[in-house]
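Report on one structure; see the data block that follows.
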There are 4 protein chains.
Amino acid sequence: MKADPSSVDKTRGAGPKPAPVGRPRDPRIDAAILRATAELLAEIGYANLTMAAVAERAGTTKTALYRRWSSKAELVHEAAFPAVPSAIQTPPGDFAADIRAMVAAARDVFTSPVVRAALPGLIADMAADPELNRRVMARFAGVFGAVRERLAEARDRGEARADVDPDRLVEAIGGATLLAMLLRPGEPLGDDWVDQTTAILIHGALA
Amino acid sequence: MKADPSSVDKTRGAGPKPAPVGRPRDPRIDAAILRATAELLAEIGYANLTMAAVAERAGTTKTALYRRWSSKAELVHEAAFPAVPSAIQTPPGDFAADIRAMVAAARDVFTSPVVRAALPGLIADMAADPELNRRVMARFAGVFGAVRERLAEARDRGEARADVDPDRLVEAIGGATLLAMLLRPGEPLGDDWVDQTTAILIHGALA
Amino acid sequence: MKADPSSVDKTRGAGPKPAPVGRPRDPRIDAAILRATAELLAEIGYANLTMAAVAERAGTTKTALYRRWSSKAELVHEAAFPAVPSAIQTPPGDFAADIRAMVAAARDVFTSPVVRAALPGLIADMAADPELNRRVMARFAGVFGAVRERLAEARDRGEARADVDPDRLVEAIGGATLLAMLLRPGEPLGDDWVDQTTAILIHGALA
Amino acid sequence: MKADPSSVDKTRGAGPKPAPVGRPRDPRIDAAILRATAELLAEIGYANLTMAAVAERAGTTKTALYRRWSSKAELVHEAAFPAVPSAIQTPPGDFAADIRAMVAAARDVFTSPVVRAALPGLIADMAADPELNRRVMARFAGVFGAVRERLAEARDRGEARADVDPDRLVEAIGGATLLAMLLRPGEPLGDDWVDQTTAILIHGALA
DNA sequence: ATTTAAACGAGACGGTACGTCTGGTCTTGTA
DNA sequence: TACAAGACCAGACGTACCGTCTCGTTTAAAT
């Protein structure tokens, strides 16, 4: 569905020369479109965002948008997740701190104004378009890998329970954050929320 | 937003008599619409479902739909959640069993074909419409209350940790299930998935 | 290509009852669209006329236009030729006067501001769409018949040459007028033009 | 409007030397474009002809087209009328034969497959663009002059009626042919058509 | 041999109209 | 009053084409 994969794998070493022919795309237009999309998402939300409005605010035209992204969903997911943190920013050696950092990181990503505005609509589009689903998920591959890695290290140190499946852990962290965001439209998730959620994920609900 | 509350609480005793005048609604039409909506959701998904198509399959017209539901979202959420289990179906006294039952119940609700097809679109609409959000959430009030109740009982018995916030627990259970459903389009969530998720929520990730 | 033939043959006696069901079309909208089209043709010409602009001026929407006419060309031909004179307005018995009347009538039709603006574009569309061609020509069937009739009468009286083919006569009258209109953008065709053209058609160029 | 007049009057002696510097144009490209335009006109018509398609078939690019012709209409009129006969091919001294030759010449020009396909669209564009109108008409200046000349000679010999205006005669000949072509899409105009039309223009319709 | 200026292939760009689709409302005639 | 049917408003959709512009490359003539 991607109109042009070049923006994804610009420097994919498929050959010695990609031989770019014809007028090159204006990178300022790419940036202006993404910025306009992010602004409009925060201002009017996903449902009210139109390609024409994005084009107008970016100072370009619909044609230029569709040359780069094949649909509103493709554009939005790139504008909403320009960079997903692929590494956990805490020193290793303390698994409890790792989990808290993961929860906080998930909270930070999901409650940014742009993501809050984009994600519900994106979820709907992803459910209807497997290819889009795959592409969005690819953005989070780094996070998933980092969780998996920290969990393996903690297990080696004897810090983590052996029966904890990394995918289940990701689902629990990400799912709790996602649902909390959806249930509290407009309200932030404070550090106390992070603490409470972390407590359950670390010690469980049982005494 | 509800066009007519009568289909929800037909005999709400607000007064002595609502004085029904004119031709009464044909209840077969209500049923046909809901059935057509559920079928189409499973077949073509939320985004491709149109009110006109629902009307056609139900053998009626758009007018009849809008007389009963004020919007596509209102119709779909009623077709997708005809009945949400409001009580936990396990005998009390075993909090671990309670949690597993909750996870399994969430899994059962979220992975039914109709809910799978409807929920992503509903999430998008709910994010844009607080009133709809409120109405859908009301359907789950019973579940939330049940979780809260069981947790309180378990805490009284000393079975549950005192610092477990019931809202966080609901978010973790529902969120993990929701995200798992979204991440595995078309694939079921088996009993092993329930077991693994339950393990984390009961004992936590730490050794 | 006609979106709905009902506006053409509203009372075609195909059966005892057409049984009109559903909300009927608002005839004021038909009139407003045709009026807006004629106005815009005269103001900005065929090429610059857009369906959206017609809809806006008519106080309605594009949907309503396309429900009635399947394309810009279909709409314009109906707006440009609301009524083509189907009879010659001179007393019979003088074939020279008949021809002059025909030339003057052709001049009147072709040099009206709306027809002047519409015809060039219509000619282009007709060449690309045989069905449209047929429909436009049908509007002139009455004129053609009238010419044929007057010619036959004149021949019976011995006034007209026996070898004059009626189709050739129509082509000469209409063609000369059409070309004169095309060659003089914006300029009128006066009575002297009618006299000169009539002279050739009556007496020929030879002495 | 002409992008570059060089293709029309390459050696216009406006100055001592135009001093052609830089890479000269490839004349094979001029030819290929005109041939591709003529072919596509005959195949898909004026409305469906796009500059991109012409470029592709000619094995070149849009840039090369616009370097030579400033618009689709400019290109088409040059492809459709590569050469208009500027003189009448009959021996002088017989005005009736002159007229028949003019009618036949008009028929030959207007019914060639390329002109048939191009003219309706050109008429539309000419009506909207006076400059284009002027340029196309200039191609027919020779024909007009020839008619005028023959008419003057015939009048001097006493063969032609004195009140015949040459412009009216041109309009009658050209107009009748144009309209006949438009009214018979795809059908040829035979010699009998020429005879019948000539008869009216020579002797008139009156007995 | 080098410079220069324009032609060339390729394709992005702004602009604009197209005809379609959907959501949700309104207006008929009939039951 | 419900109902079937379908017209209505409003507005986004994605496509297509026009004519311009900007690259990097090639080709001749002038230096």
Side-chain angles (χ1 to χ4, degrees), chain A residues 3-4 19-27 29-30 47-53 55-56 59-68 70-72, chain B residues 3-4 19-26 29 47-53 55-56 59-73, chain C residues 3-4 19-26 29 47-53 55-56 59-72, chain D residues 3-4 19-26 29 47-53 55-56 59-74:
Chain A
D4 185 345
V21 67
R23 176 175 175 175
R25 289 197 183 147
D26 188 339
I29 292 182
D30 297 62
N48 297 322
L49 178 136
T50 70
M51 297 300 260
E56 190 183 13
T60 182
T61 59
K62 284 202 298 174
T63 311
L65 267 71
Y66 282 107
R67 203 174 289 123
R68 292 168 167 78
S70 64
S71 69
K72 179 172 156 178
Chain B
D4 186 343
V21 64
R23 175 174 172 174
R25 285 192 188 155
D26 186 339
I29 292 181
N48 298 321
L49 177 137
T50 70
M51 296 302 260
E56 189 183 14
T60 181
T61 59
K62 285 203 298 173
T63 311
L65 268 69
Y66 280 104
R67 202 173 289 119
R68 292 168 168 80
W69 295 277
S70 65
S71 70
K72 175 173 161 177
Chain C
D4 186 345
V21 67
R23 175 175 175 175
R25 289 197 185 147
D26 188 339
I29 292 182
N48 297 321
L49 177 137
T50 71
M51 297 299 260
E56 190 183 14
T60 180
T61 58
K62 285 202 298 173
T63 311
L65 268 70
Y66 282 106
R67 201 175 291 121
R68 292 167 167 79
W69 295 278
S70 64
S71 68
K72 178 172 156 178
Chain D
D4 186 343
V21 67
R23 176 175 175 175
R25 287 196 187 149
D26 186 340
I29 292 182
N48 297 322
L49 177 137
T50 70
M51 296 300 261
E56 190 184 14
T60 181
T61 59
K62 285 202 300 172
T63 310
L65 269 69
Y66 281 104
R67 204 173 287 122
R68 292 166 168 80
W69 294 276
S70 66
S71 71
K72 176 173 160 177
E74 294 282 355

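Here is the naming used below: chain letters follow the sequence lines, and residue numbers restart at 1 for every chain.
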Tell me which nucleotide among F:dC3, E:dG9, F:dA7 gets nearest to the side chain of D:Ile29. E:dG9
To the nearest angstrom, how far is B:Tyr66 atom OH from F:dC8 atom C1'? 14 Å
Given atom CG of D:Asn48 and atom P of F:dC18, what is their separation to the nearest angstrom? 11 Å
Rounded to the nearest angstrom, tell me the gap between atom CG in C:Asp26 and atom P in E:dT27. 10 Å
B:Arg25 side-chain N/O to F:dT1 phosphate OP1/OP2 under 4.0 Å: no
note: D:Trp69, atom CH2; F:dT20, atom P; distance rounded to Å ~ 15 Å
Nearest to the side chain of D:Ala64, heavy atoms from C-beta on, is which of E:dG15, E:dC8, F:dT20? E:dC8
If every non-hydrogen atom of A:Ala55 is compared with every non-hydrogen atom of A:Lys62, which pair is closest and at what distance? CB-N, 3.6 Å
Among F:dG11, F:dC8, E:dA7, the nucleotide that comes nearest once only the side chain of C:Thr63 is considered: F:dG11
Taking NZ, NE, NH1 and NH2 as the nitrogens, is one of them in A:Asp30 or A:Arg68 under 4.0 Å from a carboxylate oxygen of the other? yes
Could you tell me the separation between the CG atom of B:Leu49 and the C1' atom of E:dC21, rounded to a whole number of Å? 14 Å
Determine the contact category for B:Thr50: base if any of its heavy atoms lies under 4.0 Å from a base atom, sugar-phosphate if only primed atoms, P, OP1 or OP2 are that close, otherwise nothing. sugar-phosphate
Quick note, B:Lys62 side chain, CB onward, closest among F:dC9, E:dC8, E:dG23 is E:dG23
From the list E:dA5, F:dC18, E:dC13, which nucleotide is the closest neighbour of the side chain of D:Met51? F:dC18
Just compare E:dT22, E:dC8, E:dA10 and give me whichever is closest to any side-chain atom of D:Arg68. E:dC8
Looking only at F:dA28, F:dC18, E:dG23, the nucleotide nearest the D:Pro24 side chain is F:dA28
Within this structure, what is the CG-OG distance for the pair A:Leu65 and A:Ser70, rounded to the nearest 0.5 Å? 11.5 Å
Is it the case that the side chain of C:Arg67 and the backbone of C:Arg25 share a donor-acceptor pair, with hydrogens and angles ignored and the cut-off at 3.5 Å? no
Given F:dC9, F:dT20, E:dG9, which nucleotide is nearest the side-chain atoms of D:Thr60? E:dG9
A:Glu56 CD to F:dA12 C1': how many Å, rounded? 14 Å
Given E:dG23, E:dG11, F:dG19, the nucleotide with the shortest approach to the side chain of D:Lys72: F:dG19
Roughly, in whole Å, what's the span from CZ in A:Arg67 to P in F:dC17? 14 Å
Taking only the side-chain nitrogens and oxygens of A:Arg23, find out if one of them lies under 4.0 Å from OP1 or OP2 of F:dG24. no
Heavy-atom closest contact (C:Met51 atom, C:Tyr66 atom, distance): CG-OH, 3.5 Å
